[in-house]
Amino acid sequence: MAKNFGVLFVCTGNSARSQMAEGFARYYGGNLVTADSAGTSPKGIHPHTIWAMNEAGIDISGQTSDRLDTKDLNHFDCIITLCGDARDSCPRIPPGVEHEHWSLPDPAAVRGNPEDVARAFRVVRFQIERSVRKLLERKLKAAGSAA
(Lines give C-alpha, C1' and ligand atoms only; values in the text may rest on other atoms or scores of the structure.)
Protein backbone atom coordinates (compact mmCIF):
# COMPACT_ATOMS: atom_id res chain seq x y z
CA MET A 1 0.00 0.00 0.00
CA ALA A 2 1.50 3.31 -1.08
CA LYS A 3 0.09 5.36 1.78
CA ASN A 4 -1.89 4.87 4.93
CA PHE A 5 -5.65 4.72 4.77
CA GLY A 6 -6.86 7.88 6.53
CA VAL A 7 -10.18 7.87 8.34
CA LEU A 8 -11.92 10.57 10.37
CA PHE A 9 -14.75 9.66 12.75
CA VAL A 10 -17.21 12.46 13.50
CA CYS A 11 -19.98 12.83 16.06
CA THR A 12 -21.42 15.77 17.93
CA GLY A 13 -19.52 15.77 21.22
CA ASN A 14 -16.41 13.76 20.24
CA SER A 15 -16.77 12.24 23.69
CA ALA A 16 -17.81 8.61 23.16
CA ARG A 17 -18.66 7.05 19.76
CA SER A 18 -16.04 8.79 17.64
CA GLN A 19 -13.39 8.28 20.34
CA MET A 20 -14.11 4.54 20.47
CA ALA A 21 -14.00 4.31 16.67
CA GLU A 22 -10.67 6.14 16.55
CA GLY A 23 -9.26 3.82 19.20
CA PHE A 24 -10.39 0.66 17.40
CA ALA A 25 -9.12 1.92 14.03
CA ARG A 26 -5.71 2.65 15.50
CA TYR A 27 -5.63 -0.70 17.28
CA TYR A 28 -6.75 -2.87 14.36
CA GLY A 29 -5.22 -0.80 11.57
CA GLY A 30 -1.76 -0.49 13.09
CA ASN A 31 0.69 1.34 10.87
CA LEU A 32 -1.57 0.92 7.81
CA VAL A 33 -4.21 3.33 9.12
CA THR A 34 -4.20 6.96 10.17
CA ALA A 35 -7.25 7.45 12.39
CA ASP A 36 -8.58 10.62 13.96
CA SER A 37 -11.84 11.88 15.40
CA ALA A 38 -13.62 15.18 15.84
CA GLY A 39 -16.88 16.69 17.01
CA THR A 40 -19.16 19.36 15.67
CA SER A 41 -19.43 20.58 19.28
CA PRO A 42 -16.75 18.75 21.31
CA LYS A 43 -17.31 18.20 25.02
CA GLY A 44 -14.19 16.27 26.06
CA ILE A 45 -13.80 12.53 26.37
CA HIS A 46 -16.44 10.97 28.60
CA PRO A 47 -14.81 9.04 31.49
CA HIS A 48 -16.94 5.98 30.72
CA THR A 49 -15.52 5.94 27.19
CA ILE A 50 -12.00 5.53 28.54
CA TRP A 51 -13.26 2.88 31.00
CA ALA A 52 -15.12 0.94 28.27
CA MET A 53 -12.12 0.91 25.95
CA ASN A 54 -9.77 -0.10 28.79
CA GLU A 55 -12.15 -2.97 29.48
CA ALA A 56 -11.58 -4.04 25.84
CA GLY A 57 -7.81 -3.76 26.31
CA ILE A 58 -7.33 -0.47 24.44
CA ASP A 59 -5.98 2.66 26.12
CA ILE A 60 -7.40 5.84 24.57
CA SER A 61 -6.52 8.14 27.46
CA GLY A 62 -4.06 10.01 25.22
CA GLN A 63 -6.67 10.89 22.61
CA THR A 64 -8.09 14.41 22.51
CA SER A 65 -11.56 15.82 21.89
CA ASP A 66 -11.18 18.10 18.87
CA ARG A 67 -13.37 20.47 16.86
CA LEU A 68 -14.27 19.33 13.36
CA ASP A 69 -13.39 22.74 11.92
CA THR A 70 -9.74 22.22 12.94
CA LYS A 71 -9.42 19.20 10.61
CA ASP A 72 -8.42 19.36 6.95
CA LEU A 73 -10.93 16.96 5.42
CA ASN A 74 -8.76 16.61 2.31
CA HIS A 75 -6.25 14.61 4.37
CA PHE A 76 -8.65 11.69 4.79
CA ASP A 77 -9.74 8.93 2.45
CA CYS A 78 -12.97 8.38 4.33
CA ILE A 79 -15.13 10.32 6.79
CA ILE A 80 -17.52 8.38 9.00
CA THR A 81 -20.34 10.22 10.76
CA LEU A 82 -21.73 8.42 13.80
CA CYS A 83 -24.88 10.41 14.53
CA GLY A 84 -27.51 12.26 12.55
CA ASP A 85 -26.52 15.65 13.90
CA ALA A 86 -22.92 15.20 12.74
CA ARG A 87 -24.09 13.93 9.34
CA ASP A 88 -26.40 16.90 8.91
CA SER A 89 -23.92 19.55 10.07
CA CYS A 90 -20.76 18.08 8.53
CA PRO A 91 -19.24 20.49 6.02
CA ARG A 92 -19.21 19.53 2.37
CA ILE A 93 -17.10 16.42 1.89
CA PRO A 94 -14.27 17.15 -0.56
CA PRO A 95 -14.31 15.35 -3.92
CA GLY A 96 -12.53 12.01 -3.71
CA VAL A 97 -13.20 11.59 0.02
CA GLU A 98 -15.69 8.85 0.79
CA HIS A 99 -18.45 9.35 3.34
CA GLU A 100 -20.23 6.68 5.36
CA HIS A 101 -22.85 7.15 8.03
CA TRP A 102 -23.19 4.78 10.97
CA SER A 103 -26.23 5.76 13.02
CA LEU A 104 -25.42 4.74 16.59
CA PRO A 105 -27.02 5.70 19.90
CA ASP A 106 -25.05 7.98 22.20
CA PRO A 107 -24.06 6.01 25.30
CA ALA A 108 -23.11 9.26 27.05
CA ALA A 109 -26.80 10.24 26.97
CA VAL A 110 -27.89 7.20 29.00
CA ARG A 111 -29.02 7.97 32.53
CA GLY A 112 -29.75 5.49 35.25
CA ASN A 113 -27.94 3.17 37.55
CA PRO A 114 -24.27 2.33 36.92
CA GLU A 115 -25.17 -1.05 35.40
CA ASP A 116 -27.44 0.57 32.80
CA VAL A 117 -24.76 3.09 31.85
CA ALA A 118 -22.05 0.42 31.62
CA ARG A 119 -24.33 -1.75 29.47
CA ALA A 120 -24.99 1.15 27.09
CA PHE A 121 -21.27 1.79 26.63
CA ARG A 122 -20.56 -1.91 26.10
CA VAL A 123 -23.31 -2.30 23.49
CA VAL A 124 -22.16 0.72 21.49
CA ARG A 125 -18.51 -0.33 21.88
CA PHE A 126 -19.34 -3.73 20.39
CA GLN A 127 -21.23 -2.15 17.46
CA ILE A 128 -18.37 0.24 16.75
CA GLU A 129 -15.71 -2.47 16.99
CA ARG A 130 -17.62 -4.64 14.51
CA SER A 131 -18.15 -1.72 12.10
CA VAL A 132 -14.52 -0.57 12.28
CA ARG A 133 -13.23 -4.09 11.64
CA LYS A 134 -15.50 -4.43 8.58
CA LEU A 135 -14.42 -1.01 7.28
CA LEU A 136 -10.73 -1.80 7.64
CA GLU A 137 -11.14 -5.23 6.11
CA ARG A 138 -12.80 -3.70 3.03
CA LYS A 139 -10.41 -0.78 2.67
CA LEU A 140 -7.17 -2.61 3.37
CA LYS A 141 -8.19 -5.51 1.10
CA ALA A 142 -8.98 -3.03 -1.69
CA ALA A 143 -5.67 -1.22 -1.14
CA GLY A 144 -3.80 -4.52 -1.18
CA SER A 145 -5.38 -5.57 -4.46
CA ALA A 146 -4.58 -2.17 -5.99
CA ALA A 147 -0.87 -2.49 -5.13
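Looking at Pro105 and Val124, their side chains come closer than 4.5 Å, going by heavy atoms from C-beta outward. Under the 4.5 Å side-chain criterion, counting only non-hydrogen atoms from C-beta, Ile50 is in contact with Ile60. The closest side-chain heavy-atom distance from Gln19 to Ser65 is below 4.5 Å. Leu8 has its side chain out of reach of Ile80: every pair of non-hydrogen atoms, C-beta onward, lies at least 4.5 Å apart. A heavy-atom distance below 4.5 Å is not found between the side chains of Ser18 and Val10.
Just one of Asp77, Val132, Val33 meets the side chain to side chain contact (heavy atoms under 4.5 Å, CB included) condition when paired with Val7; it is Val33.
Taking the salt bridge (Lys or Arg N to Asp or Glu O under 4.0 Å) definition, one finds that Asp69 meets it with Arg67, sequence neighbours left out. Applying the salt bridge (Lys or Arg N to Asp or Glu O under 4.0 Å) criterion to Arg133, with sequence neighbours excluded, gives no partner residue.
Under a 3.5 Å cut-off, the side chain of Arg87 and the backbone N or O of Thr81 do not form any donor-acceptor pair.
Rounding to the nearest 0.5 angstrom, the gap separating the NZ atom in Lys71 from the CG atom in Asp66 is 4.0 Å. Atoms CZ and CG, from Arg26 and Asn31 in turn, are 13.0 Å apart once rounded to the nearest 0.5 Å. Of the inter-residue distances, the one linking Arg130 atom CZ with Trp102 atom CH2 reads 10.5 Å to the nearest 0.5 angstrom. In this structure, CZ on Arg17 lies 5.0 Å from SG on Cys11, to the nearest 0.5 angstrom. Here the CZ atom belonging to Phe76 is positioned 4.5 Å from the CG atom belonging to Asp36, to the nearest 0.5 angstrom. To the nearest 0.5 Å, the span separating CD on Gln63 from CG on Asn14 amounts to 8.5 Å.
Residues Cys83 and Thr12 come closest through the heavy atom pair SG-OG1, 3.3 Å. Considering every non-hydrogen atom in both Phe9 and Glu22, the closest pair reads CD1-N, 3.7 Å. Nearest heavy atoms, Ala108 versus His46: CB-CD2, 3.6 Å. The heavy-atom pair separating Ala16 from Asp106 by the smallest distance is CB-OD1, 4.3 Å. When all heavy atoms are compared, the tightest approach of Met20 to Ala52 is CE-CB, 4.3 Å. Of all heavy-atom pairs between Phe121 and Thr49, the closest is CE2-OG1, 3.4 Å.
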| task | Determine, step by step, whether Leu68 and Leu73 satisfy the side-chain contact (heavy atoms from CB on, under 4.5 Å) criterion, reporting the C-alpha distance in whole Å, the side-chain angles of both residues, the deciding distance to 0.1 Å, and the verdict. | result | CA-CA 9 Å; Leu68 178 59; Leu73 302 185; 4.1 Å; yes
| request: Decide salt bridge (Lys or Arg N to Asp or Glu O under 4.0 Å) for Arg138 and Glu100; before the verdict, give the C-alpha distance in whole Å, the side-chain angles of both, and the deciding distance to 0.1 Å. | output: CA-CA 13 Å; Arg138 274 192 340 262; Glu100 290 187 25; 2.4 Å; yes
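Hydrophobic clustering (side-chain heavy atoms under 4.5 Å, transitive across Ile, Leu, Val, Met, Phe, Trp, Tyr) groups Leu135 together with Leu32.
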